[in-house]
Amino acid sequence: MNKIAQLYSTLFFIGYIKPASGTFGTFFSILIIFPLIKFISIFNLIIIFTILFILGMIMISIYSKDKDHDSSEIVIDEFLGVFFIMLFYKHIDISSDLILNILIFFLFRFFDILKPFPARWIDQKITNSFGVIMDDIIAGIYCIITLMFTNVLF
């Protein structure tokens, strides 16, 4: 089970790409998720996200038993953060898919690195798999808010 947890937590070993494993995790997450949102209904996407979130908590917990609670090679949290953003993709009106995906990439990385409240608090205080994932979900929420605000302005 530990090998499966490693495979899942590192997003099929993408997390071992150094430096900037989180950046690579984000990039590959967009490449994986973007095609899915074009062909799968929002209802099914929410079900898939929920299942992957629960699996993420389980697998990160198993994988990180002998490691730091948020080791740099764990990038499934970036995947889930990007997936969460993509659940709102059809509600963000940017002129092209390419531009929107580039904005998602840079905004998500910005907020994931900056960790605005409550992401930093969660990252520091909730030292289990839920905390590992939730700081990226918070980064995703900030990304969504920024993109929605951009819609209002432009």
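All heavy atoms count here, side chains included; hydrogens, waters and symmetry mates do not. Residue numbers run from 1 in the order of the sequence given.
With ring centers used as reference points, Phe88 lies under 6.0 Å from Phe84.
By the 6.0 Å contact criterion, OH on Tyr16 is enclosed, its count of non-hydrogen atoms from other residues, nucleotides or ligands being greater than 12. For Phe106, the CZ atom sits in a loose shell: 12 or fewer heavy atoms of surrounding residues, nucleotides or ligands are nearer than 6.0 Å.
Closest approach of Phe111 and Cys143 over heavy atoms only: CD1-N, 3.7 Å. Residues Pro116 and Ile138 come closest through the heavy atom pair O-CG2, 4.3 Å. The two atoms that bring Ser21 and Ser72 nearest to each other are OG-O, 2.6 Å, heavy atoms only. Considering every non-hydrogen atom in both Gly56 and Ile133, the closest pair reads C-CD1, 3.8 Å.
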Enumerate, atom names and distances included, each donor-acceptor pair closer than 3.5 Å involving a side-chain atom of residues 42-52, sequence neighbours excluded.
unit_1	atom_1	unit_2	atom_2	d
Asn44	ND2	Ser41	OG	3.3
Thr50	OG1	Ile46	O	2.8

Using residues 25-33 as the side-chain source, report each donor-acceptor pair under 3.5 Å to any protein atom, sequence neighbours left out, with the distance given to one decimal.
unit_1	atom_1	unit_2	atom_2	d
Thr26	OG1	Gly22	O	2.8
Ser29	OG	Gly25	O	2.5

Sequence neighbours excluded and cut-off under 3.5 Å, please list the side-chain donor-acceptor pairs for residues 147-154, or say none.
unit_1	atom_1	unit_2	atom_2	d
Thr150	OG1	Thr146	O	2.8
Asn151	OD1	Asp93	N	3.1
Asn151	ND2	His91	O	3.4

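Put simply, CG on Asp77 and CD1 on Ile137 are 9.0 Å apart, with the number rounded to the nearest 0.5 Å. Note that CG of Leu7 and OH of Tyr63 are 10.5 Å apart. Values are rounded to the nearest 0.5 Å. Taking CD1 from Ile94 and CG from Leu100, the interatomic distance works out to 5.5 Å, rounded to the nearest 0.5 Å. Here OG1 of Thr23 is found 12.5 Å from CD1 of Ile14. Values are rounded to the nearest 0.5 Å.
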TODO: Check step by step if side chain to side chain contact (heavy atoms under 4.5 Å, CB included) holds for Glu73 and Gln6.
DONE: CA-CA 9 Å; Glu73 70 266 15; Gln6 179 185 25; over 6 Å; no
TODO: Given side chain to side chain contact (heavy atoms under 4.5 Å, CB included), test Ile58 with Ile62 step by step and report yes or no.
DONE: CA-CA 6 Å; Ile58 295 166; Ile62 293 168; 3.9 Å; yes
- [ ] For Ile122 and Phe130, run side chain to side chain contact (heavy atoms under 4.5 Å, CB included): C-alpha distance rounded to whole Å, both residues' side-chain angles, the deciding distance at 0.1 Å, then the answer.
- [x] CA-CA 9 Å; Ile122 289 169; Phe130 181 75; 5.9 Å; no
TODO: Evaluate the side chain to side chain contact (heavy atoms under 4.5 Å, CB included) criterion for residues Met59 and Ile76: first the C-alpha distance (whole Å), next the side-chain angles of each, then the deciding distance (0.1 Å), finally the verdict.
DONE: CA-CA 9 Å; Met59 295 300 173; Ile76 193 64; over 6 Å; no
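Residues forming a salt bridge (Lys or Arg N to Asp or Glu O under 4.0 Å) with Lys125 (at least two apart in sequence, or on another chain): none. Not counting sequence neighbours, the partners of Ser95 by the side-chain contact (heavy atoms from CB on, under 4.5 Å) test are Ile99. The side-chain contact (heavy atoms from CB on, under 4.5 Å) test applied to Phe110 returns Leu114, not counting sequence neighbours.
Both Val82 and Leu98 belong to a single network of hydrophobic side chains, linked directly or stepwise wherever heavy atoms of I, L, V, M, F, W or Y lie under 4.5 Å apart. Linking Ile, Leu, Val, Met, Phe, Trp and Tyr residues whenever their side-chain heavy atoms come within less than 4.5 Å places Leu107 and Phe117 in a single cluster. Ile85 and Phe39 fall into different hydrophobic clusters, where Ile, Leu, Val, Met, Phe, Trp and Tyr are joined by side-chain heavy atoms under 4.5 Å apart, directly or via other members.
A donor-acceptor pair under 3.5 Å links the side-chain atoms of Asn128 to the main chain of Gly131, judged by distance alone. Remark: the backbone N or O of Asp112 is paired with a side-chain donor or acceptor of Lys115 at under 3.5 angstrom. Ser129 places a side-chain N or O within 3.5 Å of a backbone atom of Met57 that can act as its donor or acceptor partner.
Annotation: side chain of Phe34 is in contact with side chain of Tyr89 (closest heavy-atom distance under 4.5 Å). When side chains are defined from C-beta on, Ile141 counts as touching Ile145, because their heavy atoms get closer than 4.5 Å.
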